[in-house]
Amino acid sequence: MVKIMEPANNICLIYPYTPAMINHVEKWLSKKASEGLRLEEVHGWKFTFRKCKPYITRYFSYSGFGTSMGISSEYLQSKHRYALRRSSLNKSSFEIYEVDINRIDTDYGYSVLLRNKYYLRHYLGLLVFALVCTAIAIWLTLINRILAYLLICECILLAYSLFSVVVLTRAIRGSK
């Protein structure tokens with residue numbers, strides 16, 4: 001995490017993450033609120049906070065891989081239903097909103113679970129793709145030693161997708 005001071009008491013933090021880590025990001029943001037930092041804007045990995053009195057809140061985020069899959073509709077419905085109306089973040093950000101904790105019910109938990117399962121399906125597909133590509137890269141490397149760099153790239157993709165599947169599976173099991 002990189003901290004950058006901005007004018008007017010704003011604090012900008014750079015927090016690198018992948019979509020598979022979104023549950024951790026949401027918890028991190030809630031922790032920042034409890035430390036007296038209100039999230040004002042999000043641009044990729046850049047989170048802009050304003051100092052305030054510590055308070056308790058939750059965040060919900062969704063960054064779609066393919067909006068045609070229907071999950072974005074579910075996200076927008078949950079935002080309409082659970083977003084904190086007076087939050088300036090909810091007016092400026094599409095991919096994350098501050099939750100009105102007084103409106104949380106069992107359907108909210110279902111929205112989080114639905115998002116996590118959607119991400120998990122995406123990363124399982126990526127894992128299968130990475131496994132196939134790695135097998136092909138191994139085969140090609142055995143035929144032609146020059147293609148070893150392809151195997152390295154495929155191993156990186158394999159590790160990323162496996163990491164993502166593990167993180168999301170743990171998040172889903174932890175929410176039950």
message: Testing the basics here: between P54 and S34, what is the closest heavy-atom pair and its distance to 0.1 Å?
response: CB-O, 3.2 Å
task: Give a yes or no on whether Y160 and V128 share a hydrophobic cluster (residues Ile, Leu, Val, Met, Phe, Trp, Tyr; joining criterion: side-chain heavy atoms under 4.5 Å apart).
output: no
field: Steps toward side-chain contact (heavy atoms from CB on, under 4.5 Å) verdict (K51, L37)
entry: CA-CA 5 Å; K51 290 184 180 181; L37 294 175; 4.0 Å; yes
- prompt: Sub-3.5 Å donor-acceptor pair from the side chain of Y97 to the main-chain atoms of S78, do we have one?
  reply: yes
S164 versus Y119, side-chain donor and acceptor atoms under 3.5 Å: no
task: Would you check if L157 and L126 make a side-chain contact, meaning some heavy-atom pair closer than 4.5 Å?
output: yes
query: When the ring centroid of W28 is compared with that of F47, is the distance short of 6.0 Å?
result: yes
message: When you compare the side chain of Y55 with that of R38, does any pair of heavy atoms fall below 4.5 Å?
response: yes
- request: Not counting sequence neighbours, which residues clear salt bridge (charged side-chain N to carboxylate O under 4.0 Å, His left out) with K31? List them please.
  value: E35
- request: Before giving the answer on side-chain contact (heavy atoms from CB on, under 4.5 Å), spell out for E95 and V42 the whole-Å C-alpha distance, their side-chain angles and the decisive distance to 0.1 Å.
  value: CA-CA 8 Å; E95 65 186 41; V42 178; 4.1 Å; yes
task: Answer whether the closest heavy-atom distance between the side chains of N23 and V167 falls below 4.5 Å.
output: no
- prompt: Does the side chain of T48 come under 3.5 Å of the side chain of E40 through a donor N or O and an acceptor N or O?
  reply: no
message: In this structure, is the centre-to-centre distance between the rings of F163 and Y123 below 6.0 Å?
response: no
- prompt: Atom CE in M21, atom OH in Y15: separation rounded to 0.5 Å?
  reply: 5.5 Å
query: Which pair of heavy atoms, one from A33 and one from T57, lies closest together, and at what distance?
result: CB-CG2, 3.6 Å
- prompt: Taking C-beta and beyond as the side chain, do F49 and L29 meet within less than 4.5 Å on heavy atoms?
  reply: yes
task: Search all heavy atoms of C133 against all heavy atoms of E154 and return the closest pair with its distance.
output: CB-OE1, 2.8 Å
- line: Interatomic distance, CG@L162 vs CG@L124, rounded to 0.5 Å, equals 10.0 Å
- prompt: Measuring from H24:NE2 to K27:NZ, what's the distance to the nearest 0.5 Å?
  reply: 6.5 Å
- prompt: Are the side chain of R115 and the backbone N or O of S61 linked by a donor-acceptor pair below 3.5 Å?
  reply: yes
field: L158 and L127: CA distance, side-chain angles, deciding distance, side-chain contact (heavy atoms from CB on, under 4.5 Å) verdict
entry: CA-CA 6 Å; L158 181 65; L127 179 60; 3.6 Å; yes
- prompt: When clusters are formed by joining ILVMFWY residues with side-chain heavy atoms under 4.5 Å apart, either directly or through shared neighbours, do L39 and L13 land in the same one?
  reply: yes
- line: When every non-hydrogen atom of A83 is compared with those of N90, the smallest separation belongs to CB-ND2, 3.5 Å
query: Who are the side-chain hydrogen bond (donor to acceptor under 3.5 Å, both in side chains) partners of Y82, not counting sequence neighbours?
result: D105
message: As an exercise, state the distance from CG of L120 to CD1 of I172, rounded to the nearest 0.5 Å.
response: 4.5 Å
message: Is it the case that the side chains of Y108 and R103 hold a donor-acceptor pair, with the cut-off being a distance below 3.5 Å and no angle test?
response: no
- prompt: Got a sec: does the OH of Y110 have more than 12 other heavy atoms crowding it under 6.0 Å?
  reply: no
- request: Would you name the heavy atoms of L168 and N116 that are closest together and state the gap between them?
  value: CD2-O, 4.2 Å
query: Given side chains that start at C-beta, do those of V25 and Y59 come closer than 4.5 Å, heavy atoms only?
result: no
- request: Please say whether more than 12 non-hydrogen atoms of neighbouring residues, nucleotides or ligands are located less than 6.0 Å from OH in Y17.
  value: yes
query: Atom CD of E41 and atom CG of L89: how far apart are they, to the nearest 0.5 Å?
result: 9.0 Å
